[in-house]
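Okay, structure first, notes after.
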Amino acid sequence: MEYDVVVIGGGAAGLAAGMMSARSRRRVVVVDAGEPRNAPATHIHGFLSRDGVSPAELFETGRNEVVGYGGEVINDRVLAIEHDAENGFVVRLADGRGLSTRGVVVATGLRDELPEVAGVRERWGNDVLHCPYCHGYEVRDSPIGVVGGDNRPFTLHQASLVRQWSSDVVFFPNQITLDAEERERLIARGIRIADGDVVRVVVDGDRLSGVELADGQVIPRSAVFVGPRFVPHDDLLTALGCEVGENGWVVTDAMGRTSVPGVWAAGNVVAEGAQVINAAGAGSLAAVGLNHYLLAQDIEQAVRDHRAVGGVFSAEMEQRVSELVVGDRRHGLL
């Protein structure tokens, strides 16, 4: 099967890229393995006009929009992206199919590596959270805990940030050793510090009720924020040879273009802090950027075809086409 665009990943970034590509009248397919990062969450917040919608509803709506504009959605896993001299790329699926395509948008997201604390994974997305912008308002003015993990800078920032939503915040450094200045800043911010290793989050019925330390002390809390280590699902990109920055993440420009021609990336796979609304915007931008890349190819092919049949192509027309292509490159569209 031949496509103009194959989008890998059916979350907010991937579906937005698929819809914009379909609206641009490109032959596009979105391949989705059905494992969205925010599946454990009951609601999405901060998404203008869609605030409070469930992830499942948002993705169903997005799929319908892609299909409604003439795009396709395939439920499968992508195993590899291979260069193809004839068309551009071949996207290999787990079911054995190969999708031939001129361009690719990778929107495979990331995984959250959570602190090794009993109960954290089971309550993840419910009352164990990581993003106060996504969930802080829903737990405002309640007793909140922040548990330290491997992501030290993120966790320390998180502890101070969460204080905006509640005056009752306890920071559990857990395996983080605070220096004197860090401790002072937290205390000045009005945050209590509970030293000692955290062994579990305590659940009564189906509600989080506290945080237990190694000495047996349980500090009552009704919600807990943790700082995961963010690991991008970027194997497909790195296998293609996409440039990786000093921070270990694949490098893209403002529109999601990678260092490999014809390959764009959007959402959490290249931006750990992207919320759902940001990911959707990035997916839309990536589709526009890829479309302009394909447009340049279309123009050049049209010129070759025109000349092949003996068509008249004036110097003025040739100069105009050249100016259009150069202009798009200058503005980052190619």
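Checking side-chain atoms of Thr238 against main-chain N and O of Asp235 turns up a donor-acceptor pair under 3.5 Å. Put simply, the side chain of Gln175 never gets that close to the backbone of Asp150: no donor and acceptor are under 3.5 Å apart. Although no hydrogens or angles enter the test, the distance criterion places no donor-acceptor pair under 3.5 Å between the side chain of Asp168 and the main chain of Ser142. Ser54 contributes a side-chain N or O that, together with a main-chain N or O of Glu57, makes up a donor-acceptor pair within less than 3.5 Å. Checked by atom type and distance alone, the side chain of Ser284 never pairs as donor or acceptor with a backbone atom of Ala16 at under 3.5 Å. Using modelled atom types, no side-chain atom of Arg50 and backbone atom of Leu58 make a donor-acceptor pair closer than 3.5 Å. Proximity of a side-chain donor or acceptor of Asn151 to a complementary backbone N or O of Pro228 within less than 3.5 Å is detected. With hydrogens and angles disregarded, a donor-acceptor distance shorter than 3.5 Å links the side chain of Asn268 to the backbone of Ala274. Looking at Thr108, its side chain never comes within 3.5 Å of a backbone N or O of Gly9 through a donor-acceptor pair.
By the 4.5 Å heavy-atom criterion applied to side chains, Gln275 and His45 are not counted as neighbours. Contact check for Ile193 versus Pro173: side-chain heavy atoms found under the 4.5 Å cut-off. You'll find the side chain of Thr252 reaches within 4.5 Å of the side chain of Thr258, heavy atoms only. Residues Ile74 and Leu99 are in side-chain contact: their nearest non-hydrogen atoms beyond the backbone lie under 4.5 Å apart. With contacts defined as side-chain heavy-atom distances shorter than 4.5 Å, the pair Leu110/Trp249 qualifies. Side chains of Trp165 and Val139 form no contact here, defined as non-hydrogen atoms less than 4.5 Å apart. Two residues are said to be in side-chain contact when any heavy atoms from C-beta on lie closer than 4.5 Å; Asp32 and Arg63 meet this criterion. At a threshold of 4.5 Å between non-hydrogen side-chain atoms, the residues Val270 and Asp234 do not count as touching.
Atom CZ of Arg102 and atom CD of Glu2 lie 10.5 Å apart (nearest 0.5 Å). Taking CG of Leu79 as the start and CG of Asp95 as the end, the distance is 9.0 Å to the nearest 0.5 Å. Here the CD atom belonging to Glu65 is positioned 11.0 Å from the CE atom belonging to Met20, to the nearest 0.5 angstrom. Note that OH of Tyr3 and CD of Glu72 are 3.5 Å apart. Values are rounded to the nearest 0.5 Å. The structure places CE of Met255 at 8.5 Å from CH2 of Trp264, a figure rounded to the nearest 0.5 Å. With rounding to the nearest 0.5 Å, the separation of CG in Asn174 from CG in Asp197 is 5.5 Å.
Pairing each heavy atom of Val146 with each of Phe171, the nearest pair is O-CD1, 3.3 Å. When all heavy atoms of Arg92 and Gly98 are compared, the pair lying nearest together is NH1-CA, 3.9 Å. Across every non-hydrogen atom of Pro232 and Val269, the tightest pair is CB-O, 3.4 Å. The nearest pair of heavy atoms linking Glu182 to Thr177 is OE1-O, 4.1 Å. The two residues Gly14 and Ala107 come nearest to each other via the heavy atoms N-CB, 3.6 Å.
Under the 4.5 Å side-chain contact rule for hydrophobic residues, Val251 and Leu237 do not share a cluster. There is a path of hydrophobic side-chain contacts, each under 4.5 Å, that joins Val128 to Val170. Connection of Val203 to Val120 is not established within any shared hydrophobic cluster, with ILVMFWY side chains joined at heavy-atom distances below 4.5 Å, either directly or through further cluster members.
Enclosure of atom CD in Glu82 by more than 12 non-hydrogen atoms of other residues, nucleotides or ligands within 6.0 angstrom is indicated. Residue Arg189 places its CZ atom among more than 12 non-hydrogen atoms of other residues, nucleotides or ligands, all under 6.0 Å distant. Around the CD atom of Gln301, the shell of radius 6.0 Å holds more than 12 heavy atoms that belong to other residues, nucleotides or ligands. Around atom CZ of Arg77, no more than 12 heavy atoms belonging to other residues, nucleotides or ligands sit under 6.0 Å away. The number of heavy atoms from other shown groups lying within 6.0 Å of CZ (Arg192) is above 12. Environment of CD in Glu60: sparse, with no more than 12 heavy atoms of neighbouring residues, nucleotides or ligands closer than 6.0 Å. With a 6.0 Å radius and a threshold of 12 heavy atoms from other residues, nucleotides or ligands, Arg183 has its CZ atom above the threshold. Atom CG of Asn278 is surrounded by more than 12 heavy atoms from other residues, nucleotides or ligands within 6.0 Å.
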Inset, instruction - Let me see the working for Leu114 and Trp124 under side chain to side chain contact (heavy atoms under 4.5 Å, CB included), right down to the final yes or no. - result: CA-CA 9 Å; Leu114 303 175; Trp124 181 240; 3.7 Å; yes
Inset, instruction - Evaluate the side chain to side chain contact (heavy atoms under 4.5 Å, CB included) criterion for residues Ile191 and Arg185: first the C-alpha distance (whole Å), next the side-chain angles of each, then the deciding distance (0.1 Å), finally the verdict. - result: CA-CA 9 Å; Ile191 298 166; Arg185 289 170 66 88; over 6 Å; no
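Among residues two or more places apart in sequence or in another chain, the side chain to side chain donor-acceptor pair (under 3.5 Å) test is passed with Asp206 by Arg123.
The side-chain contact (heavy atoms from CB on, under 4.5 Å) with Val31 is formed by just one residue from the set Val6, Val7, Asn75; it is Val6.
Note: His83 and Phe89 meet the aromatic proximity criterion, with ring centroids under 6.0 Å apart.
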